[in-house]
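The model shown is predicted, which means the values in this text are computed figures rather than measured ones.
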Amino acid sequence: MDPFSAEGELINIHNAYHQGQYQEVIDFDTSALSPENALPARVLQLRAQLALGQSDQVLAAVDAEADDVPDLAAVKALAQQVAGDADSAAQAVQDLVENYPDNATVQVLGGTVLQAQGKSDEALALLARHQGNLEAVALIVQIHLQQNRSDLALKEVQTAKRWAQDSLLVNLAESWVGMRIGGEKYQSAFYVYEELASAPSTSAPLSIVGQAVAELHLGRLPEAEAALTAALEKYPEDAELIANSIVLNVLAGKPSEDLETRLQNAQPSHALLVDVQEKSEFFDTAAAKYAPRVSS
């Protein structure tokens, strides 16, 4: 295979992954890729399996090689985290950070595990070692947004635009920040997602979710509902589509119980369900303080 063609194929797999086309990523024929490109492609395919909830299959696939290949060891750590084995994942990431801190896969997947365990400072310290890795940039932006530091997220995006202006990940990261900043940035973010969602070759759940969320911020509930409904017909088990449909129904005053059950079945640990459960417990605790006390 022509090296330029091989590099282009890897970029296609990379872009498909970040648009949420996980099955397409898994189905890519990578047999003609060079050894240099084959490993990154395999890592993306394994990550796509994790995104589809196939942690057991991923663990089985990498177990024999993880001790010899740090990239696959990082995949194993992420799979352990996804499977709920946080202690094993934490130990694995600690070992990888000590021995392979400059490995790009270790940085991104290790940073993902650290952030999932609430270790934002450690995640950022690891990711800061990257050398022009746009996935690391995107993850740094996400972490800053979770910290409610839109200023730092924006600064990260602006820096990346100087050397990766037309990158899909940079455009997406800029849209994430725009959605947090609000105002006219909602419309700019909408245009990015609309372009992605409308292209037949790249249409994917994450693009449609982004488009719909932008519509919600712009007060266009019917348009958001149309986009999410159509997407759910095509991807009925996609957790992010279901979660955002729940939010839409709440805003529109429509019942969401059936969707909540679907989300529970699709991804019991989804952030929306966790947040709702926490708030329910807070309410019960607060309500108990004011419960009437009847003395006998």
Donor on one side chain, acceptor on other, Q115 and S120, under 3.5 Å: yes
Distance in Å, W176 CH2 paired with L154 CG, rounded so as to fall on 0.5 Å steps: 14.0 Å
Any side-chain donor near an acceptor of the partner, H270 and Q264, under 3.5 Å: no
Euclidean distance, Q146 CD relative to R149 CZ, rounded to 0.5 Å: 14.5 Å
Distance-minimising heavy-atom pair for A243 and L272: O-CD2, 3.7 Å
Gap separating the CD atom of Q94 from the CD atom of Q91, nearest 0.5 angstrom: 5.0 Å
E156 side chain vs V137 backbone, donor-acceptor pair below 3.5 Å: no
NZ/NE/NH1/NH2 to OD/OE distance under 4.0 Å, D258 and R262: no
Salt-bridge criterion met for R47 and E135 (N-O under 4.0 Å): yes
Other ILVMFWY residues reachable from F283 by side-chain steps of under 4.5 Å: none
Salt-bridge present (E225, R220; N to O < 4.0 Å): no
Pairwise side-chain contact, K234 with I208, heavy-atom cut-off 4.5 Å (strictly under): no
Heavy-atom closest contact (A48 atom, I26 atom, distance): CB-CG1, 3.8 Å
Aromatic ring pairing Y186/H217, orientation class (parallel under 30°, perpendicular over 60°, tilted between): parallel
Under 3.5 Å side-chain donor-acceptor pair for T105 and D71: yes
Nearest-0.5 Å distance that lies between atom CD1 in I13 and atom CG in L44: 7.0 Å
Side-chain donor-acceptor contact under 3.5 Å, Q23 with D27: yes
Exceeds 12 heavy-atom contacts within 6.0 angstrom, atom CD of Q147: yes
Side-chain H-bond candidate by donor/acceptor type, Q81 with Q117, under 3.5 Å: yes
Nearest-0.5 Å distance, CG of residue L228 to CD of residue E215: 9.5 Å
E184, CD: over 12 other non-hydrogen atoms inside 6.0 angstrom: no
Listed once per pair and sorted, the salt bridge (Lys or Arg N to Asp or Glu O under 4.0 Å) pairs that draw on residues 52-63, sequence neighbours left out: D63-K76
